[in-house]
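Notes follow once the structure below has been shown.
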Amino acid sequence: MTDTSRVEQHPTYSFVIPVYNEEEGLPELYRRLSVLMDQLDGPSEAIMVDDGSHDSSYPRMLELHALDQRFKVVHFSRNFGKEVAVSAGLDLATGDAVVLLDADLQDPPELVIEMAVRWREGYDMIYARRDRRLDETWFKRMSARLFYRTLRRISDVDVPVDVGDFRLIDRRALDAFRAMRERNRYVRGMFGWIGFRQTSVSYVRQGRFAGTTKYSIPKMVRLAFDGIISFSTAPLRMVLQIGFLVSIFSFVAGIAAIVIKLSGMYAISGWASITVLMSFIGGVQLTVLGVVGEYVGRIYDEVKQRPLYLVRELRGFGALDRAPNQLFTQLAQRRSEESAALMNAP
Ligand code: UDP
Ligand code: MG
């Protein structure tokens with residue numbers, strides 16, 4: 001294939017799709033997405049990011065690319081996680097509007113038509129709000145609900161409740177997002193943080209078309225921690241308060257012990273109470289240290305300044321296909337131009 005196919009049309013819409021072991025669902029994804037792409041009011045591209053799948057997702061994606069040049073493929077060197085896969089797709093997207101979409105068809109692509117209407121009205125970000133969730137376990141629904149509400153209460157940013165990554169983003173907002181290179185990424189929170197004119201369209205979250213969820217419970221907990229710790233220092237404040245309360249309590253207990261001793265009321269040696277107190281305070285100290293450690297660990301991650309992801313192969317990106325690692329040089333260049341442009345913006 002020649003590069004001319006790539007430069008022929010500047011896409012209006014870019015779809016960014018993270019893919020991790022989704023072989024059964026890909027043909028149906030292609031079918032529904034390509035129908036939608038034909039219906040949209042401008043040319044579009046779909047960037048599928050293979051997040052180190054172990055099944056045949058990658059060869060299938062290459063087949064799709066051979067079949068339809070609008071479908072482009074990014075192949076990671078290993079599994080980096082969905083948040084990073086999405087970020088890579090956003091780095092490479094060239095459309096005027098970019099849509100984040102899950103590969104499992106839980107986000108109905110057809111909703112994008114409605115989002116595009118709002119975008120044409122002038123909104124910078126249109127996110128899809130889950131009115132109802134079908135086919136998901138009671139546990140998943142409840143934990144998601146609890147998490148979003150907690151995060152909203154304690155975080156410094158306005159992360160909308162019951163909103164996933166499914167959204168349409170205007171170029172302007174996307175450039176702002178791209179300037180954020182933090183390593184512990186919680187994409188929907190970062191989009192909340194940048195602001196801009198946002199609105200939502202509501203939909204019913206479908207069950208998966210094929211396969212099973214790629215989010216195990218530890219992965220979900222990790223995402224939840226990233227969400228809370230990247231957007232809030234409330235846990236630090238909380239442990240400070242606990243530490244303070246425990247200090248007051250220990251002080252009072254100490255005075256009481258002295259008073260009891262001096263007044264000669266001592267009956268038993270007090271061994272039990274000392275043990276209990278000591279272990280209690282020890283536990284509190286470890287908890288406090290652990291929470292502080294979470295933040296320190298993340299600082300360590302950030303200062304290493306490693307690339308966010310590593311690409312093994314690119315398909316459909318013109319000259320970059322032959323030298324995928326020049327991607328980072330190019331991105332760095334583009335980022336410095338973008339931040340200059342953002343700073344000069346009126
Ligand atoms: N995904 C990914 N990397 C991962 C886990 C998931 O790229 O490590 C992708 C996955 O292929 C899907 C999307 O992220 O397109 C959402 O994952 P999933 O459907 O498993 O999450 P859920 O909808 O259950 O929250
Ligand atoms: Mg899903």
Side-chain angles (χ1 to χ4, degrees), residues 15-30 32-33 46-61 64 71-93 98-109 111-112 127-130 132-148 151 159 161-167 183-189 191 203-227 308-312:
F15 292 85
V16 169
I17 309 157
V19 178
Y20 181 53
N21 297 341
E22 303 278 4
E23 57 181 4
E24 311 101 314
L26 283 177
E28 179 65 7
L29 173 72
Y30 174 73
R32 275 176 66 185
L33 192 54
I47 298 173
M48 300 178 290
V49 184
D50 175 32
D51 188 12
S53 301
H54 304 297
D55 64 359
S56 69
S57 295
Y58 182 57
R60 296 226 175 151
M61 283 152 73
L64 291 182
F71 283 72
K72 301 168 183 182
V73 186
V74 180
H75 185 37
F76 273 2
S77 65
R78 62 169 171 87
N79 178 252
F80 280 89
K82 178 185 179 187
E83 307 297 302
V84 175
V86 163
S87 308
L90 292 174
D91 281 342
L92 285 157
V98 179
V99 178
L100 297 185
L101 200 67
D102 278 0
D104 58 6
L105 292 168
Q106 280 197 288
D107 308 328
L111 192 69
V112 173
Y127 47 84
R129 185 186 291 277
R130 301 159 180 169
R132 271 195 310 144
R133 293 163 161 242
L134 296 179
D135 259 33
E136 279 187 330
T137 60
W138 175 87
F139 175 75
K140 176 119 188 178
R141 280 205 306 271
M142 285 313 289
S143 57
R145 214 183 147 79
L146 184 72
F147 169 69
Y148 285 125
L151 183 64
V159 183
V161 176
D162 290 331
V163 169
D165 288 327
F166 186 24
R167 63 188 65 213
R183 305 196 42 78
N184 296 289
R185 299 173 85 77
Y186 181 63
V187 169
R188 59 199 81 157
F191 275 122
Y203 77 115
V204 176
R205 179 117 163 122
Q206 304 295 315
R208 273 184 157 263
F209 173 74
T212 51
T213 177
K214 305 298 178 288
Y215 273 91
S216 54
I217 292 191
K219 248 181 161 171
M220 257 163 66
V221 170
R222 169 97 207 151
L223 182 70
F225 267 111
D226 269 345
L308 264 183
Y309 50 86
L310 291 173
V311 176
R312 207 178 85 77

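Residues take their numbers from the sequence shown, with the count starting at 1. Just follow the structure's listing: the first ligand is 1, and inside any ligand the first atom is 1.
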*Let me see the working for Val74 and Tyr309 under side chain to side chain contact (heavy atoms under 4.5 Å, CB included), right down to the final yes or no.*
CA-CA 11 Å; Val74 180; Tyr309 50 86; 6.0 Å; no
*What pairs with Arg222 under salt bridge (Lys or Arg N to Asp or Glu O under 4.0 Å), at least two apart in sequence or on another chain?*
Asp226
*With heavy atoms only and a cut-off of under 4.0 Å, state how Asn79 meets ligand 1: side chain, backbone, both or neither.*
side chain
_Mutual orientation of the aromatic rings belonging to His75 and Tyr58 [parallel < 30°, tilted 30-60°, perpendicular > 60°]_ = parallel
*Give me the ring orientation class for His54 and Tyr20: parallel if the planes are under 30° apart, tilted from 30 to 60°, perpendicular past 60°.*
perpendicular
*In terms of atom number and element, which parts of ligand 1 are under 4.0 angstrom from non-hydrogen atoms of Glu22?*
10 (C), 11 (O), 12 (C), 15 (O)
*asked:* Tell me the closest heavy-atom pair linking Leu64 and Leu26, and the distance in Å.
replied: CD1-O, 4.3 Å
*Please state which part of Asp51 comes within less than 4.0 Å of ligand 1, counting heavy atoms only: side chain, backbone, both or neither.*
side chain
*In terms of side-chain geometry, is the basic nitrogen of Asp51 or Arg78 positioned less than 4.0 Å from the acidic oxygen of its partner?*
no
*Report the residues that fulfil salt bridge (Lys or Arg N to Asp or Glu O under 4.0 Å) with Asp50, sequence neighbours left out, ordered by chain and then residue number.*
none
_Using a 3.5 Å cut-off on N or O atoms only, is Gly81 in polar contact with ligand 1?_
no
*Would you say Pro18 and ligand 1 have an N/O pair spaced under 3.5 Å apart?*
yes
*Numbering the atoms of ligand 1 from 1, which are under 4.0 Å from a heavy atom of Ala103?*
15 (O)
*State the atoms of ligand 1, each with its element, that fall below the 4.0 Å cut-off from a heavy-atom position in Lys219.*
4 (C), 5 (C), 8 (O)
*asked:* For a distance under 2.8 Å, tell me if Asp102 has an N/O/S atom near the Mg ion (ligand 2).
replied: no
_Nearest N/O/S atom of Asp104 with respect to the Mg ion (ligand 2), by atom name, please._
OD2
_Which heavy atom of Arg60 sits nearest to which heavy atom of Glu23, and what is that distance?_
NH1-O, 2.9 Å
*Using a strict 4.0 Å cut-off to heavy atoms of Gln106, name the atoms of ligand 1 that fall inside it.*
19 (O), 22 (P), 23 (O)
*Which ligand 1 atoms are under 4.0 Å away from a heavy-atom of Arg205?*
23 (O)
